[in-house]
Every structure is written in C-alpha cells, then in structure tokens.
Amino acid sequence: MVQGTIVSRRAIVQHDAGRSPPLPEKVAHMPELPEVETVRRGLEPAMVGRTFVRVEQRRADLRFPFPQHFSDRLTGTTVTDISRRGKLMMAGLDSGEVLLMHLGMSGGFAILDNAPETPGRFYHRRDNQPDQAGRHDHVVFEMSGGATVIYNDPRRFGFMGLERSDELTASRHLRNLGPEPLGAEFTGQYLATALAGRQTSLKAALLDQRLVAGLGNIYVSEALHHARLSPRRLAASASARNGRSIRAERLVVAVREVLAAAIEAGGSSLKDFAHTDGGLGLFQHRFAVYDRAGTQCPRTRCGGTIKKIVQNGRSTFYCPACQR
DNA sequence: AGTCGAGCCTGCTGGC
DNA sequence: TGCCAGCAGGCTCGAC
C-alpha cells in the first residue's frame, strides 16, 4: 500500500507473518522523504499518461483549503509526470498546471486497479480492507486506464494544491525548500556554510526544511547516529573551520546513506506488491535509534544505551556513548 | 533575523 | 475492564 500510516504497515507485517518472522523492530510510520518517494513511484503507473476521468473532493479542506474549482481544473487533464521535492509530490498536467500533494503525517494513497494485469487492491486499514465508512478517504481520482486512486488522511495534516507550472518555484510550498539531500547541491561545503552561526541544535537545524528538504524526525535521528554526531550539539559547531568541516561532510554522507537505504527498502515493498494481493508500502526498514530508547546501541563495540530526549517539543533518540 | 512554541487532527497506548 | 489523558508529528504562523 502506498502510504505512510503506522497501522497498515504493522498490519501487513503481521499479515505476512506466516512467510517471514515478525519484525521486532519498529517500521517506518510517517511520510518523510523515503516514504514519499515510494508513494511517488507507486502512483506513477496508475497516473502518468492517464487522464482524470472523474475527481471527487469530499471535503472543503485538509491542512489547507482545496484550491478553487479543484475537481473541474483536474478533470479531463492528463498527467505528464510525477516528481518530488522534499516531502512534496508534484503531478505535472497537460493543462499547464501542477497538482501538489503533501501527505502530512498520516496521508496515503490506495489504488484500486481494475486493469487485468495488475489486480492490486490495497488499503491501509488494520484488516487490509477499505475503511467501512470511508471516513478518511478525502479525494478520489478515477483515472483513464482503470485505476481509482484514493487519498486517505485521518489526521488531515496533508494538503493538495494546484499551481501554474511557470509559477511553481514561487509557490509558498516550494520557495523556501532547501536542496534535495540526495542531489548534487547537498555537499559538505554547502552544509557547513548553512550551519554557520546557527545557535540551535544540530537536530533542530536538520529538521528545518529550508536547510535541506525532506528530513523528518525519524531520519534526522538516524542520520545523526550514522554520523556519530550528537543531536544536542550546537549546529554552528558542525560548520566549517579553516574552510573545511569534517563533521558537515560526515553528516552529508550519513544523510544520503540513511535515506538511500530507506528508499531501497520502500522500493522492495513496491516490487513485492506486484506479486501479492495488496501489500504495497510495507517498509521493513529497521531503525538504529528511533523509538529504541533503552536498547543497546547497534554500533559494533559501542555498548551504549539509546536514550530519548525532547528537543523543541519533539522526541530525539541517540546514543550518548558514540554520538558526540 | 533567528529561534521557539502553539495549534491543527485523530488514533493508539498506558495508567489508573 | 473501561475510560481518558497524553503522545505522535509536518508545517505555518506568531511571539520574542
């Protein structure tokens, strides 16, 4: 299932328990960059090159109000491509507009595909069945080619927008986004410069989408552990000294590796979906520190114990022994 | 300008 | 057993 909900992923893990041992570790449960990328890839076959035959908008707003005449502006247009910036998905339309889709923290898509070659059917309910009341199914796209794409979002922190493609970069949802963490722009030198003078924690700085786009609470904790840097460290202290910052360089590598591994795990779940009765979105990704307070640090020969602290009102997990 | 907290929202969990 | 407070978090806005 293409989404980022806790319930579904756990449910599927349990559902599949007969084939593979149940995972004692936590599975990813909120849409950060890797989850969004997986969703994007899952939407492509159902939407790209397809036309919106019918668009059903079931409520006036999510996190923000829907754009004016939302369904009318989509109906009859064809999707040219689906891309991503940070946690934001963008479907290019042949009308010259771009459909923006953000999953917030509980958003996800279900695809009912009537095409015979892909008899997939997936929902993110505990029982893998459609929400009976359809209570949180807020948008329904009926696409040419037979797929019905349903946006579900219990907490409604997600949103959809429509922008003219030539005004896209000026959109308030895009204009402040920092570089893609997996792109060429995100280098040690960039990060060192961006962190210079910042009097906040490294954790808070990395969560700032203006600094780098796509990291959330989970992957920031993971990346900092990977880089052996304390989330409590002053951001500025990871910036350049004598024109070079070992710490910033280490952090860039860690961010890239952690995200790439998670995308890989998500990609596997997409691939598996084609061969099952509907388990897309299963992230069997394991975390080193996130939500693992009290357990032993997975780093070889570290021997530390993972600790949970609260920074800026959010939980942070790290190993005080190896993260400095 | 940079930093931080409130608030949005619902579902799950843990404590009584 | 049942109830309910507390927690979870991405993003924007407002306060300092």
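In the text below, chain A, chain B and the rest are named by the order of the sequence lines, each starting its count at 1.
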OP1 or OP2 of [N] sitting under 4.0 Å from any side-chain N/O of [X]?
| X | N | result |
| --- | --- | --- |
| Arg172(A) | dT12(C) | no |
| Tyr290(A) | dG9(C) | yes |
| His136(A) | dG11(B) | yes |
| Lys308(A) | dA8(C) | yes |
| Ser315(A) | dG9(C) | yes |
| His102(A) | dG10(C) | no |
| Gln209(A) | dC11(C) | yes |

ring-ring contact (aromatic ring centres under 6.0 Å, His included) contacts touching residues 190-209 of chain A (sequence neighbours left out):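 Found none.
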Pair listing, ring-ring contact (aromatic ring centres under 6.0 Å, His included) test, anchored in residues 84-108 of chain A, at least two apart: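 Every ring-ring contact (aromatic ring centres under 6.0 Å, His included) pair that includes a residue of residues 84-108 of chain A, provided the two are not neighbours, is His102(A)-Phe159(A).
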Sequence neighbours left out, what passes side-chain contact (heavy atoms from CB on, under 4.5 Å) with [X]? Give chain and number order.
| X | result |
| --- | --- |
| Gln296(A) | none |
| Glu167(A) | Arg164(A) |
| Asp94(A) | Thr77(A), Thr78(A), Thr80(A) |

Minimal non-hydrogen separation, Lys87(A) against Gln209(A), with atom names: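 Minimum heavy-atom contact is NZ-NE2, 3.6 Å.
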What is the separation between atom [atom1] on [X] and atom [atom2] on [N], rounded to the nearest whole Å?
| X | N | atom1 | atom2 | value |
| --- | --- | --- | --- | --- |
| Arg85(A) | dC11(C) | CZ | P | 12 Å |
| Tyr219(A) | dG10(C) | OH | P | 11 Å |
| Arg210(A) | dT12(C) | CZ | C1' | 11 Å |
| Phe64(A) | dC13(C) | CZ | P | 7 Å |

Looking across every strand, which nucleic acid part, if any, lies under 4.0 Å from [X] by heavy atom: base, sugar-phosphate, or nothing?
| X | result |
| --- | --- |
| Lys203(A) | nothing |
| Arg63(A) | base |
| Phe159(A) | nothing |

Options dT10(B), dT3(B), dG10(C), nucleotide nearest the side-chain atoms of Met105(A):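 Shortest atom-to-atom distance from the side chain points to dG10(C).
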The helix from dG2(B)-dC16(C) to dC16(B)-dG2(C): angle between end helix axes, five pairs per end, rounded to 10 degrees: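 If I round to tens, the end axes sit 60° apart.
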Earlier contact from the 5' end, DNA chain B, for Asn312(A) and Asp61(A):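 Mapping each residue to its closest nucleotide by heavy atoms, the 5'-most match is Asn312(A).
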Side-chain-base donor-acceptor pair under 3.5 Å for Arg314(A) and dG10(C): yes
Lys/Arg-Asp/Glu bridge criterion (N-O < 4.0 Å) met for Arg41(A), Glu44(A): no
